[in-house]
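Have a look at the structure below, then the notes.
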Amino acid sequence: MKDEMIARRSLLRAVVGGVLAASTAALSRNAAAAANAALPALSPTDPTAVALGYGEDTTKIDGTKYPLHKATQSCSVCVQFQGTAGVARGPCNIFVGRTVNAHGWCSAWTQKPAS
Ligand code: SF4
């Protein structure tokens with residue numbers, strides 16, 4: 001009987017611990033998403049954005065101006081992009097305090113290493 005109570009208590013602790021860990025992780029993800037959503041979008045007419053050739057749609061980047069650009073290069077696969085996979089917009093280390101379009105591009109684009 002005593003062993004059964006100890007086993008039940010251990011199981012309960014494990015379940016509660018797991019639920020708390022999952023809840024904390026979900027709250028952290030939600031807080032990060034909310035913080036990112038609160039950031040204003042980078043304007044393509046921002047002087048730094050213009051200087052780096054930022055565009056909201058990588059397929060519309062001027063290839064004559066940026067001959068090394070490829071349509072497969074986008075913010076979502078750039079090492080500077082801080083948004084999570086699948087988001088429409090996310091922060092960028094180059095344009096601090098703004099979000100960039102996941103399908104955007106600028107001349108600072110650098111391939112995100114495979115994880
Ligand atoms: Fe997009 Fe990368 Fe340029 Fe930031 S540095 S705007 S993530 S291409």
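Checked against salt bridge (charged side-chain N to carboxylate O under 4.0 Å, His left out), D57 has the following partners two or more places apart in sequence or in another chain: K60. With sequence neighbours excluded, no residue forms a side chain to side chain donor-acceptor pair (under 3.5 Å) with T48. Listed by chain and residue number, nothing satisfies the side chain to side chain donor-acceptor pair (under 3.5 Å) test with T72 (two or more places apart in sequence, or in another chain). Shown here are the side-chain contact (heavy atoms from CB on, under 4.5 Å) partners of A41, two or more places apart in sequence or in another chain: R89, T99.
Side-chain heavy-atom separations under 4.5 angstrom define the hydrophobic clusters, and the remaining members of the one that includes Y66 are I61, V77, W105, W109. As a member of the Ile/Leu/Val/Met/Phe/Trp/Tyr network built from side-chain separations under 4.5 Å, L42 groups with L52, Y54, F81, V87, I94, F95, V100.
Among H69, H103, K70, Q73, the single residue meeting the side-chain hydrogen bond (donor to acceptor under 3.5 Å, both in side chains) criterion with T58 is H69.
For the pair N93 and Q82, the minimum side-chain heavy-atom distance is below 4.5 Å. Here the side chains of E56 and P44 are in contact, with some heavy-atom distance below 4.5 Å.
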* Apply the test side-chain contact (heavy atoms from CB on, under 4.5 Å) to residues Q111 and V79: give CA-CA distance (whole Å), side-chain angles for both, the deciding distance (0.1 Å), then the verdict. => CA-CA 6 Å; Q111 177 71 54; V79 73; over 6 Å; no
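Minimum heavy-atom separation, G97 to P40: O-CD, 3.4 Å. The shortest heavy-atom contact between A49 and S43 is CB-O, 3.5 Å. Residue T64 comes nearest to P67 through the heavy atom pair O-CD, 3.9 Å, listed as atom of the first residue, atom of the second, then distance.
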